[in-house]
Number of protein chains: 2
Amino acid sequence: MHTMRTPLLVARLLERGARLAPQEEIVTAFPSRLHRQTYADTRRRASQLAHALAGLGVRTGDRVGTLMWNNHRHQEAFYGVPSMGAVLHTLNLRLPPRELEYTIQHAEDRILLVDSDLLPLLVPLKDKLKTVEHIVVAADPADAPHGFPGTIDWEDRIADQPPRFDWPELDEYAPMGLCYTSGTTGNPKGVMYTHRSTYLHSMAQALTDAVGLSSTDTVLQVVPLFHVLGWGYPYTASMLGSKQILAHGHIEAEMMLDLIEREKVTFSAGVPTVWQSVRAAIEAQPGRWNLSSFKRINCGASAPAPSLIRWYWDHLGVEMIQTWGMTEINPLGVTSRRIAKRKHLTLSLDDQFANVAKTGLPIPGLELEIVDDAGTPLPHDGKTPGNLLIRGPWVCAEYYRLAESDSFKDGWLRTGDIARIDSEEYLIISDRSKDLIKSGGEWISSIDVENHILGMKGVAYAAVVAQPHPKWEERPVALVVRTPGATLTADDVVRHCAARFAKWQLPDEVLFVPELPLNSTGKLDKKTIRANLASSGYQLPTLR
Amino acid sequence: MHTMRTPLLVARLLERGARLAPQEEIVTAFPSRLHRQTYADTRRRASQLAHALAGLGVRTGDRVGTLMWNNHRHQEAFYGVPSMGAVLHTLNLRLPPRELEYTIQHAEDRILLVDSDLLPLLVPLKDKLKTVEHIVVAADPADAPHGFPGTIDWEDRIADQPPRFDWPELDEYAPMGLCYTSGTTGNPKGVMYTHRSTYLHSMAQALTDAVGLSSTDTVLQVVPLFHVLGWGYPYTASMLGSKQILAHGHIEAEMMLDLIEREKVTFSAGVPTVWQSVRAAIEAQPGRWNLSSFKRINCGASAPAPSLIRWYWDHLGVEMIQTWGMTEINPLGVTSRRIAKRKHLTLSLDDQFANVAKTGLPIPGLELEIVDDAGTPLPHDGKTPGNLLIRGPWVCAEYYRLAESDSFKDGWLRTGDIARIDSEEYLIISDRSKDLIKSGGEWISSIDVENHILGMKGVAYAAVVAQPHPKWEERPVALVVRTPGATLTADDVVRHCAARFAKWQLPDEVLFVPELPLNSTGKLDKKTIRANLASSGYQLPTLR
């Protein structure tokens, strides 16, 4: 043994932050008040939670489900549950009851930790959850009584527990977290993270060439903690001892801006629609917020429009880092920064932003490949599209308790994306393969058209989806939400698109709608949009 | 298997840099010319070297010694030798012949890679190296013929080799690099790095909270590559695809400054004496160099004087990051940055620099502890000194082929340092335990006195060492090198010290000397200074 075999355990990362920054704050914005506690408090309460769970019979490897918002108690579960050797299963509170039930049953959660205001979600499942032995309810004295019988009160149960837990020495490949990903078909699929995968993901995520997170940052956690473990930020920020701001419940753009100003937020992460609504709020009330502390955004889960990236830079001096990831990869895979290589230093601003429009470069530890349908690697020339494969030490190797899957082959994860890779390893994803529109044997990138429309004045949101077509197989249709007072027409939109796209790539129809549906992670819900179109929910005129 | 078991191999890091930054440069400053090659060239030549070595019989785990300066070929050996599964043993070219021989024999190097101008170092060992089967000589056509018979020419041997080597899938705990550390007594001791340790060290070193290295940096590699694998920078910079500048042969301050200006260097690392001489060169010729690209220095191996740290900030806007490390920890352990926590943002500049004067905070992955002589942990109160222990995934677990050592116990490395740790986990090392001066039962920190003297105008270098004393056991003596033209006296120095230190802590004597000896890593060679004092090499007057 030449070097120490110190296992890569998340408890070690979390203990580092708690020791280095004992007085740094984790702030939760509840609807009517701010709750502040320190890293030292969090460590103590996480230890007490672990003792309480051990007292309830939780053993190494057991799954503990959380049905919780972003708040200090959920953060304590992120700390205590994996550190004691159990598995943190974050339940997606936006799933329909049937899928929520499925994930609890499939994971065999023995305990559920539930925010009291989310208990109603469990009412329809009450007599169906065979594996759940206890429900621990997080409530404050000021909360309305929840009237849910037979539950355990979080605060009562931890109050007398010892303030330190002697975290066990686990195997670094031991499971620590479980998230389910909803596919287009079938049941949700479980991705089980290991201590090693989350540890290495945290190290890589904090790198300067990833998102450059530091102990001096203040992180506004907009991404739900149940969504791929909050994109990993609860662990990365806690490792560094960064200040963290959480928001319990739905968080609106104005509230985010209030928090950024008051808590001097430097960094946040979220899906493009969140940053579109923040932009809209700023444009509606220019000068209302002092956002001088705000420096960087990780914008991911779907590609932000280049015009949005540029707007944040030009108007706020905020760098929007485009990232791409998946539940299956913990989730960070690639990042795209304005200056990602030395030679970008001397580029014009326009050319720098042209780079950010590419999906990004693989962070250290991950490898990308594109292959044809026979599995043969394709050239990295920036032109040839292929099936995107990925591998590395924080990539999922199988779906949890799902014997067979086409997603894993020859040591690679098959992502389901169609992508190009250029000669400097920039990943360029135009669309998830299911979002590409196949018209007359040619592919149309719905994202490219969508982003181009989003660059128009008067457009708040836009979605481009495929409509079945008797002759061309599929044809694009655009759905647009106008900004208040805007008067642009379908012809304006088509003319704007015609300046960039070929005639056959233009949307056949442009529909103006009051709003667009989002899925549980805040992305445009194209499945629902397509279904609405098919059922004439959008009163679509006859296709040409 | 939940997540992929992708082993943490240095070849994966190196391949990343070569793929992402194929056209980025690795520049070598030879005495009379600059050699430029790209990462793509380096990858190709490293592959060819690996094929050549395989052809010479090198197999997995075999040691390949390098007796080389900092240059492109040494960098190729850093790439190719571990990637093919062999062990890179960097020979310290400043060791005396007996120790050089010892390290080659102890490591059982089968091949030596040698710069032609260093061949004379092998002449005295010629018939003694029983394990060495081949000597491969790195030379250029312009070099003088070396007249060393029976060697293999590097360029001849790699010329016809294939441009790609299919790097093997190794165990991540496989050895990849070997460095010997010279103790105060006995033979040098070998520290064997593993793929896992170097991989994780590279990730941690690049973190914003460590030295914040990025693909946009240009790294001037002043630290010899043979010194703890160049402090890890060849691997960290290559992982990121950063531009690298190497200097073959001795590098003087003026040459460093020329390179910083011409190659737009952003980052460098080195021992305090290097940065003192660079400062002296700038002060001797103010305004000669445009150093606007230069942003950060990693100053390590011994503690820089606070006045030096401050000078770089005030005069150049360069952040000098104090680091502490050891050969045994790959080497980075702790870093001290001007703003290392969020609360430092609002401190005055003076208070920020007071923090940098502390040794630093452990980088993610490492744990520190201080214990008394019985092994009991001591309080982290910033006051109580104790024996410093360290552990983590890139800490050495044993000396190579040395069965017994007091340095490893209960899973910790005993560093031999006396240190304090404060309530926020700042490590504060006043001295290596052997550099503390024990006077009348009390400890005097030679480094504290030294740094205080270094803050005086007219002082170029200073060393404070212990002299045996019949009554007090040991007493401090200061040796000072004046700057050209300075006229300060021994009384001036003692008076300056009296403003800060107690009477019994003041040096008994102040000797002005023309120069001070440095050891093979460029640090003050206190062993030689003490020996010179003992033999009256410094014409020390009778002690009081």
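Residue numbers begin at 1 in each chain, while the letters A, B, ... track the order of the sequences. What's counted below: heavy atoms across the whole structure, side chains too, no hydrogens, waters or symmetry copies.
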* Using a cut-off of under 4.5 Å on heavy-atom pairs, state which of B/G392, B/S197, B/G212, B/P22 scores highest against chain A. => B/G392

* To do: Can you measure from CZ (B/F267) to CG (B/L213) and round to the nearest 0.5 angstrom?
  => 5.5 Å

* To do: Start with the C-alpha gap between B/Q205 and B/T236, add the side-chain angles, then the distance that decides, and say whether side chain to side chain donor-acceptor pair (under 3.5 Å) holds.
  => CA-CA 7 Å; B/Q205 184 168 49; B/T236 306; 2.6 Å; yes

* Exercise: do B/Y180 and B/H106 side chains pair donor with acceptor under 3.5 Å -> yes

* Asked: Which bit of B/L20 comes within less than 4.5 Å of chain A, counting heavy atoms only: side chain, backbone, both or neither?
  -> both

* Asked: Nearest 0.5 Å, what's the OG1-OH distance between A/T181 and A/Y399?
  -> 6.5 Å

* Are A/I421 and A/I428 side-chain neighbours, meaning at least one heavy-atom pair lies under 4.5 Å? -> no

* Asked: Would you find a donor on one side and an acceptor on the other, under 3.5 Å apart, between the side chain of B/T3 and the backbone of A/M192?
  -> no

* Asked: Hey, which of A/E425, A/M1, A/H2 has the most heavy atom pairs under 4.5 Å with chain B?
  -> A/H2

* Measuring heavy-atom distances to chain B, does A/I363 have an atom under 4.5 Å in its side chain, in its backbone, in both, or in neither? -> backbone

* To do: Go through A/T208, A/I339, A/T266 and name the one with the most non-hydrogen pairs under 4.5 angstrom from chain B.
  => A/T208

* **A/A340 portion near chain B, given a 4.5 angstrom heavy-atom threshold** => backbone

* Asked: What is the distance from atom CG of A/L427 to atom CG of A/L366, rounded to the nearest 0.5 Å?
  -> 11.0 Å

* Flag the one option from B/E398, B/E367, B/R342 with the top tally of heavy-atom pairs under 4.5 Å to chain A. => B/R342

* To do: Please determine, among A/Y199, A/F408, A/W394, the option with the most heavy-atom pairs under 4.5 Å with chain B.
  => A/Y199

* Asked: What do you reckon, is CG of A/D381 surrounded by more than 12 foreign heavy atoms closer than 6.0 Å?
  -> yes

* Which region of A/R391, side chain (C-beta onward) or backbone (N, CA, C, O), has a non-hydrogen atom less than 4.5 Å from a non-hydrogen atom of chain B, or is it both or neither? -> both

* Asked: Heavy-atom distance under 4.5 Å to chain B: side chain of A/D217, backbone, both or neither?
  -> backbone

* Asked: Between OG of B/S214 and CG of A/L207, what distance do you get to the nearest 0.5 Å?
  -> 10.0 Å

* Asked: With chain B, which of A/E15, A/K343, A/M203, A/H380 has the greatest number of heavy-atom pairs at distances under 4.5 Å?
  -> A/M203

* For A/R16, is it the side chain, the backbone, both, or neither that has a heavy atom closer than 4.5 Å to a heavy atom of chain B? -> side chain

* Asked: Is there side-chain contact between A/L8 and B/P393, with heavy atoms separated by less than 4.5 Å?
  -> yes

* Pull out the residues in residues 168-178 of chain A that come under 4.5 Å of chain B, heavy atom to heavy atom, sorted by number. => A/E172, A/Y173, A/P175

* If you count heavy-atom pairs under 4.5 Å between each of B/K264, B/E328, B/R12 and chain A, which one has the most? -> B/R12

* **Max heavy-atom pair count under 4.5 Å with chain A, selected residue of B/V395, B/I329, B/L240, B/V191** => B/V395

* To do: State, yes or no, whether a side-chain contact exists between A/Q244 and A/Y39 at a heavy-atom distance under 4.5 Å.
  => yes

* Which bit of A/Y426 comes within less than 4.5 Å of chain B, counting heavy atoms only: side chain, backbone, both or neither? -> neither

* chain B contacts, top residue of A/S423, A/P362, A/A204, A/G411 (heavy-atom pairs, under 4.5 Å) -> A/P362

* Does A/E24 come within less than 4.0 Å of A/K243, counting only side-chain N to carboxylate O? -> no

* Should B/E25 and B/R36 count as an ion pair when the cut-off is N to O under 4.0 Å? -> yes

* Using side chain to side chain donor-acceptor pair (under 3.5 Å) as the criterion, point out the one residue from B/H344, B/R337, B/E424, B/R338 that pairs with B/N355. => B/H344

